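Computed from a prediction, not measured in an experiment: that's the story for all the values here. Whatever order the structure lists them in is the order used to number ligands and atoms, beginning at 1.
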Amino acid sequence: MEKRKLGKTDMQVSALGFGGSEIGYQSVAPSTVKKMLNSALDAGVNVIDTAECYVSSEELIGQAVAGRRKEYYLFTKCGHFAGWGQPDWRPPSLLKSIERSLRRLKTDCVDLIQLHSCSEEELKKGDVIEALKRARERGHTRYIGYSGDGRDALYAIECGEFDTLQTSVSLADQEALELTLPLARERNIGVIAKRPIANAAWKSGDRKPADSYAHPYWERLRKLNYDFLHGELSESIAVALRFTLSVPGVHTAIVGTTKPERIHENAAILEAGPLPKDLFEKIRSRWREVADDAWVGET
Ligand SMILES: NC(=O)c1ccc[n+]([C@@H]2O[C@H](COP(=O)([O-])OP(=O)(O)OC[C@H]3O[C@@H](n4cnc5c(N)ncnc54)[C@H](OP(=O)(O)O)[C@@H]3O)[C@@H](O)[C@H]2O)c1
């Protein structure tokens, strides 16, 4: 599988990465996660992304592949020790969260700790960044990053403290292409595209997806109404993933899934390489035509 150097880090990451939120939120069986992650590593995927608050995700990953730790780069996040929606940015809580992540992931050191979508205001106070640096000094992480969107993400790049940015990039979420990615490229920041296939929000057709998490993209995509969304699902997923990986500055796209067969389906998509320039530009110009100011990067 194609590998790309993750910005200024020493990591050569696979273009397709594994997003770990669904396995936790949807309580996927440990045996299924084991099968899924082992086949991902066998297929050449070497990025596993998770977070402190994705329910059982960290434990599931630790149980499934800790024995193959040298074969993958492990990214997690901190800031929501007690669960999403209950942020706690105090340095002792961040450090406690990181130590808990290491235990759950059955490792002494992760490759990347990311601040999990804190505000620009919080970043400016500086304590959160100092806490991450302390974790790095303690040998708990090799690199530090920021995960989030919009002006918060822009400040995270500008402040010069982070090695990486994880941000939403997809055919239904293109704010980053103008707001943050040009500067990220200039500063040689590693970019991890989250929500890279827009939660596959169009797959339920005219019916709103059951999970409200996908509603903003479902609504946007109805307005964007790209013609290829009306064809075969496997082909539209392929266009979506190739679009994200063709965006200048993106190094890896961490697709989330609950199903082992997706690994090979998504890995196979990459064999076709970047999206043809004319289709890429069509998706960009349709976005410019339709997107309104409220279509900001979805956290
Ligand atoms: N603030 C943050 O830091 C933040 C926020 C959001 C996400 N993230 C990270 O980004 C990762 C990815 O985001 P995401 O999972 O929300 O969005 P996503 O990767 O764009 O979409 C995931 C959805 O796509 C479906 N899917 C995957 N491959 C498919 C295929 N070949 N055909 C049809 N459907 C397919 C999955 O369903 P199936 O289960 O049916 O495959 C899942 O519902 C997360 O896991 C997480 O690691 C971080």
Side-chain angles (χ1 to χ4, degrees), residues 16-29 32-33 36-37 40 43 45 47-55 57-58 60-61 73-80 84-85 87 112-119 145-150 152-153 156 162 164-173 176 191-205 209-218 220-221 229 232-245 250 252-270 296-299:
L16 176 66
F18 179 81
S21 71
E22 281 75 8
I23 56 168
Y25 281 117
Q26 297 189 39
S27 307
V28 176
T32 308
V33 175
M36 188 150 56
L37 287 179
V45 170
V47 170
I48 299 178
D49 179 77
T50 182
E52 81 294 19
C53 62
Y54 295 163
V55 198
S57 174
E58 291 183 323
L60 286 165
I61 292 165
Y73 297 118
L74 186 52
F75 304 167
T76 192
K77 313 188 186 87
C78 60
H80 304 261
W84 183 255
L112 178 66
I113 287 284
Q114 303 155 102
L115 277 172
H116 203 169
S117 312
C118 69
S119 65
Y146 177 80
S147 182
D149 303 273
D152 303 326
F162 296 104
T164 62
L165 170 70
Q166 179 174 147
T167 200
S168 294
V169 182
S170 75
L171 74 189
D173 203 330
V191 174
I192 301 151
K194 65 181 167 81
R195 295 178 172 235
I197 55 169
N199 311 138
W202 68 96
K203 73 180 168 191
S204 60
D211 186 349
S212 62
Y213 175 65
H215 289 177
Y217 289 160
W218 181 80
R220 289 182 190 185
L221 287 164
L229 295 182
E232 280 288 312
L233 180 65
S234 59
E235 280 167 29
S236 52
I237 294 275
V239 173
L241 183 55
R242 290 172 71 205
F243 172 79
T244 297
L245 283 167
V250 167
T252 182
I254 47 169
V255 181
T257 184
T258 55
K259 301 188 176 76
E261 65 269 22
R262 298 292 194 222
I263 302 295
H264 289 286
E265 288 170 22
N266 294 337
I269 290 171
L270 269 56
V296 295
E298 280 290 313
T299 307

query = Would you call E298-R220 a salt bridge at under 4.0 Å N-O?
reply =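 Looking at R220 together with E298, the answer is yes, because their closest N to O distance falls below 4.0 Å.
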How close do [X] and [Y] get, counting heavy atoms only, and between which atoms?
{"X": "V55", "Y": "G24", "answer": "CB-O, 3.6 Å"}
{"X": "T244", "Y": "V169", "answer": "OG1-O, 3.3 Å"}
{"X": "G79", "Y": "E52", "answer": "N-OE2, 3.4 Å"}

Which ligand 1 atoms, with their elements, are less than 4.0 angstrom from a heavy-atom of [X]?
{"X": "H116", "answer": "1 (N), 2 (C), 3 (O)"}
{"X": "K259", "answer": "38 (P), 39 (O), 40 (O)"}
{"X": "E265", "answer": "30 (C), 31 (N)"}
{"X": "K77", "answer": "3 (O), 48 (C)"}
{"X": "E22", "answer": "14 (P), 15 (O), 16 (O), 22 (C), 45 (O)"}
{"X": "S117", "answer": "1 (N)"}
{"X": "V255", "answer": "19 (O), 27 (C), 28 (N)"}
{"X": "T257", "answer": "38 (P), 39 (O), 41 (O)"}

query = Nearest heavy atom to atom 9 (C) of ligand 1: which of R195, M36, Q166, H80 does it belong to?
reply =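 The nearest heavy atom belongs to Q166.
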Nearest candidate to atom 5 (C) of ligand 1, where distance is taken over non-hydrogen atoms, out of L115, T299, V169 =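 Answer by nearest heavy atom: T299.
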Does the N or O separation between [X] and ligand 1 drop below 3.5 Å for any pair?
{"X": "W84", "result": "no"}
{"X": "A198", "result": "yes"}
{"X": "I237", "result": "no"}
{"X": "T50", "result": "no"}

request  = Mind telling me whether Y146 and F162 have parallel, tilted or perpendicular rings, with 30° and 60° as the class edges?
outcome  =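 Correct class here is tilted.
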inquiry  = Counting only heavy atoms closer than 4.0 Å, does ligand 1 sit against the backbone of R262, its side chain, both, or neither?
reply    =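 Looking at R262 and ligand 1, just side chain atoms fall under 4.0 Å.
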ask   = Of the backbone atoms (N, CA, C, O) and the side-chain heavy atoms from C-beta on, which set of Q114 has a member under 4.0 Å from an atom of ligand 1: side chain, backbone, both, or neither?
value =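 Neither part.
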message = Just to verify, what does Y25 make a ring-ring contact (aromatic ring centres under 6.0 Å, His included) with, not counting sequence neighbours?
response =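 Partners of Y25 by the ring-ring contact (aromatic ring centres under 6.0 Å, His included) criterion, ordered by chain and then number, come out as Y54.
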How far is [atom] from its nearest protein heavy atom, and which residue and atom name does that atom have?
{"atom": "atom 6 (C) of ligand 1", "value": "Y213 OH, 3.3 Å"}
{"atom": "atom 24 (O) of ligand 1", "value": "I197 CD1, 3.5 Å"}
{"atom": "atom 12 (C) of ligand 1", "value": "I254 O, 2.9 Å"}
{"atom": "atom 31 (N) of ligand 1", "value": "N266 OD1, 2.8 Å"}
{"atom": "atom 37 (O) of ligand 1", "value": "K203 NZ, 3.4 Å"}
{"atom": "atom 17 (O) of ligand 1", "value": "N199 ND2, 2.9 Å"}
{"atom": "atom 44 (C) of ligand 1", "value": "S21 OG, 3.4 Å"}
{"atom": "atom 36 (C) of ligand 1", "value": "G256 O, 3.4 Å"}

ask   = Under 3.5 Å, is there a donor-acceptor pair linking the side chains of T50 and S57?
value =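 Yes - a donor-acceptor pair under 3.5 Å links their side chains.
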request  = State whether a side-chain donor-acceptor pair under 3.5 Å links E265 with S234.
outcome  =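 On atom types as modelled, these side chains do not qualify, holding no pair under 3.5 Å.
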request  = Tell me, with the steps shown, if I192 and T164 meet side-chain contact (heavy atoms from CB on, under 4.5 Å).
outcome  = CA-CA 7 Å; I192 301 151; T164 62; 4.3 Å; yes
inquiry  = Using only atom types and a distance under 3.5 Å, with no angle test, would you say the side chain of D173 pairs donor to acceptor with the backbone of A198?
reply    =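 Side chain of D173 to backbone of A198, a donor-acceptor pair under 3.5 Å: no, none is there.
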query = For A201, does its backbone N or O pair with a side-chain atom of N199 as donor and acceptor, under 3.5 Å?
reply =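 No; zero donor-acceptor contacts below 3.5 Å.
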message = I'd like to check L221 versus L171 (side-chain heavy atoms, cut-off strictly below 4.5 Å). Are they in contact?
response =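 When only atoms from C-beta onward are counted, L171 and L221 do touch, with a gap below 4.5 Å.
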ask   = Under the side-chain contact (heavy atoms from CB on, under 4.5 Å) criterion, do M36 and T257 qualify, and how do the steps go?
value = CA-CA 9 Å; M36 188 150 56; T257 184; 3.9 Å; yes
message = Please evaluate residues K194 and S147 with respect to the criterion side-chain contact (heavy atoms from CB on, under 4.5 Å), reporting the C-alpha separation (whole Å), side-chain torsions for both, the decisive distance (0.1 Å), and the verdict.
response = CA-CA 9 Å; K194 65 181 167 81; S147 182; 4.2 Å; yes
message = So for Y54, does at least one of its heavy atoms come nearer than 4.0 angstrom to any atom of ligand 1?
response =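 Checking ligand 1 against Y54, which is what was asked, there is a heavy-atom contact under 4.0 Å.
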request  = Show your working on side-chain contact (heavy atoms from CB on, under 4.5 Å) between F75 and I113 and close with a plain yes or no.
outcome  = CA-CA 6 Å; F75 304 167; I113 287 284; over 6 Å; no
